[in-house]
Amino acid sequence: MPHNGSMEHNTPLISTIVAGLVLAFGFGLVANRIKVSPLVGYLLAGVVIGPFTPGYVADQGLANELAEIGIILLMFGVGLHFSLKDLLAVKAIAIPGAIVQIAAASVMGVGLGYVLGWPIGGGLVLGLALSVASTVVLLRALQDRRLLDTDRGRIAIGWLIVEDLAMVLTLVLLPALAGILKGDANGAGWQEVLWPLGLTLGKVAAFMAFMLIVGRRLIPWLLHYVAHTGSRELFRLAVLAISLGVAFGAAMLFDVSLALGAFFAGMILAESELSQRAAHETLPLRDAFAVLFFVSVGMLVDPSIVLRDPLPLLAAVLIVIIGKSIAAFLIVRLFGHPNMTALTISASLAQIGEFSFILAGLGVSLGLMPERGRDLVLAAAIVSIMLNPVMFVLLDRWSAKASEADDKLEAEGKLAVPVHHHDGHVVLVGHGRVGGVVSEALKRDGADFVVIEHDNDRVAKLQQDGIAAIGGNAAAPEMLEEAEIASARGLLVAIPDAFEGGQIVAKARALNPTLPIIARAHSAEEVAHLKTNGASVVIMGEDEIAKAMIARLGANTSSASS
Ligand code: AMP
């Protein structure tokens, strides 16, 4: 192929991926620098390579498909953390919650449509589009806050699944309903609505039954088989093939959404012990494609709408972030859940995304909603996604205040929740094969210690056992502070990755110049790296294993000869 300037035109897929990722990286970095969510950077990157701004324009169709892959991998990952039992456990709140919220948003949409002079069908499409939260945005928010494995997180996800199902039905029913909504008396009758409704429900049920009966046996068996081949590459491939294959197959054969198909594929796997490994294999790809999702959303938006249609846009945004939130809050409270749960669910659902675009597009092509409606939905989506991190910040503020109030009550002797402050404690980073043994010993000695561990499940388990454990990457900002490293009597870095270990050691050293720091390494280079970053002692695993082997050999041969 000749290397000339026209090459970029021949490779729309490559240029879309490259431009999307490179710009998202640049803007994400800037966003991080000025302390706003990197999502804002990704969205802006999309606006820049979108058709409404001058310069290079990426391929929207391809960007959307890449975004779909991100959605599939995300939902697959969520499914891996979710068993059928979890899903059934939240149905009592998730089903009525989602339905009430969709209904409330629809009523508000019809109201807004009425003000704008649209027929009722247009307002209904608008309201429905404003009612469904984006999977990607919700999952990212829950992941960032480590809420996926909490009760609140599970309710939010169950709620999302119900919304997803409702949207699958809506997309099927809308064409049939369009005739009725437009008052086409000689057009459609109710039976023309009931038939596709029944058919779609039947297909969804058939898909679920298929997954539970066939998939549940076949998929874990396949993964086990591949795991025993010992090839990491094949295992990774198997995970990708299963997640993408099931999602696509579900969409093609059963008309289920890709997201729902992927969720089920993951959920089937959640019951097998290989699921943790499977989840790990998809992480890097998942994160890259999730970024492309935000870029593709940014590309859809014509920024001039802010000037052309400011008030309707404001109204649409208010419906999404306030109207829907109030509805969600009320229903969750009504079901007897605490304020914190209600607010978390409200915040995580106070945004719209991929389904809204699809629905708005369909509404326009069916002649139900004017094009202006679609532009409003797109702009409301980007604004609500940008504001979503702010909602969570407000939530954090509120919960800090609430716990301050609790502290006050406690000071007045009404609430006896002990707030433990550590001093002269040991900080242990990593609770795996190495850290686990260390923590057993510390516990036996009755030592005061705090664990920092990346893996959510492990953290939950530790907390259940009454051990002070903080979830997250110890190299991230504030983590060591949270473990009160300044007043600790020692730091044990028991993670296998010495590069990350070096960052942790350097941070701790900066916060506490005299702290004894013991770190773990696997090679001479790693020992040197950790030492230059400030570790007091570095234990090299292979060295210790060798020493232990020699000692055993000595003991065994001497006992044999005696
Ligand atoms: P192992 O190699 O079996 O001792 O396990 C290492 C443990 O450290 C695992 O539980 C990881 O989740 C955890 N881990 C690895 N890196 C970090 C990190 N940067 N911060 C906190 N925990 C980590």
Side-chain angles (χ1 to χ4, degrees), residues 32 77 80-81 143-150 227 232 235 273-284 286-287 422 425-444 449-465 467-486 488 490-512 515 517-523 525-527 529-535 537-546 548:
N32 184 273
L80 283 173
H81 284 282
Q143 253 164 21
D144 287 352
R145 289 174 176 75
R146 310 199 153 262
L147 291 172
L148 275 182
D149 291 322
T150 60
R232 285 207 108 176
F235 186 75
E273 72 252 40
L274 281 170
S275 73
Q276 285 296 326
R277 232 184 107 191
H280 247 86
E281 300 298 345
T282 57
L283 285 182
R286 187 188 74 184
D287 291 349
H422 297 277
H425 57 301
V426 174
V427 177
L428 172 62
V429 175
H431 199 275
R433 289 161 303 173
V434 176
V437 177
V438 174
S439 108
E440 280 302 319
L442 290 171
K443 216 163 52 183
R444 248 192 336 265
F449 67 104
V450 178
V451 178
I452 305 180
E453 166 57 59
H454 208 128
D455 184 300
N456 274 334
D457 295 337
R458 289 189 174 159
V459 173
K461 172 94 191 13
L462 286 168
Q463 286 170 346
Q464 261 171 27
D465 295 346
I467 293 173
I470 306 171
N473 182 347
E478 311 288 322
M479 291 300 287
L480 289 167
E481 283 93 333
E482 213 176 304
E484 297 174 82
I485 197 80
L491 167 66
L492 306 178
V493 183
I495 62 171
D497 182 341
F499 178 70
E500 211 164 47
Q503 292 176 301
I504 298 166
V505 170
K507 281 196 173 156
R509 185 49 79 220
L511 292 166
N512 187 337
L515 182 72
I517 300 178
I518 306 175
R520 164 180 171 190
H522 300 279
S523 70
E525 288 80 32
E526 291 182 356
V527 174
H529 176 70
L530 287 160
K531 283 239 165 99
T532 37
N533 275 294
V537 180
V538 181
I539 311 286
M540 179 162 116
E542 281 67 10
D543 255 358
E544 300 303 314
I545 296 173

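Predicted model, so just to flag it, every value in this text is computed and none were measured. Numbering of ligands and ligand atoms starts at 1, following listing order. What you see below is based on every heavy atom in this structure, not just the backbone, and it leaves out hydrogens, waters and symmetry mates.
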message: Evaluate Glu484 against Val450 for side chain to side chain contact (heavy atoms under 4.5 Å, CB included), listing each step before the verdict.
response: CA-CA 9 Å; Glu484 297 174 82; Val450 178; over 6 Å; no
For ligand 1, list all ligand N or O to protein N or O distances below 3.5 Å, rounded to 0.1 Å.
from     : atom 1 : to     : atom 2 : distance (Å)
ligand 1 : 2 (O)  : Arg433 : NH2    : 2.8
ligand 1 : 2 (O)  : Arg520 : NH1    : 3.4
ligand 1 : 2 (O)  : Arg520 : NH2    : 3.2
ligand 1 : 3 (O)  : Arg433 : N      : 2.6
ligand 1 : 3 (O)  : Arg433 : NE     : 2.7
ligand 1 : 4 (O)  : Arg433 : N      : 3.0
ligand 1 : 4 (O)  : Val434 : N      : 3.1
ligand 1 : 4 (O)  : Arg520 : NH1    : 2.8
ligand 1 : 10 (O) : Glu453 : OE1    : 2.8
ligand 1 : 10 (O) : Glu453 : OE2    : 3.0
ligand 1 : 10 (O) : Arg458 : NH1    : 2.4
ligand 1 : 12 (O) : Glu453 : OE2    : 2.4
ligand 1 : 19 (N) : Asn473 : OD1    : 2.7
ligand 1 : 19 (N) : Glu500 : OE1    : 3.1
ligand 1 : 20 (N) : Ala474 : N      : 2.9
ligand 1 : 22 (N) : His454 : N      : 3.1

- prompt: Which atom names give the shortest non-hydrogen contact between Ile470 and Val459, and what distance separates them?
  reply: O-CG2, 4.1 Å
- request: Could you pull out the closest heavy-atom pair between Gly502 and Leu530, with the gap in Å?
  value: N-CD2, 3.5 Å
query: Are Lys461 and Asp457 within salt-bridge range, i.e. N to O under 4.0 Å?
result: no
Counterpart residues, ring pair (Phe, Tyr, Trp, His ring centres under 6.0 Å), relative to His454 (two or more places apart): none
- prompt: Which heavy atom of Ala508 sits nearest a heavy atom of Leu480, and at what distance?
  reply: N-CD1, 3.7 Å
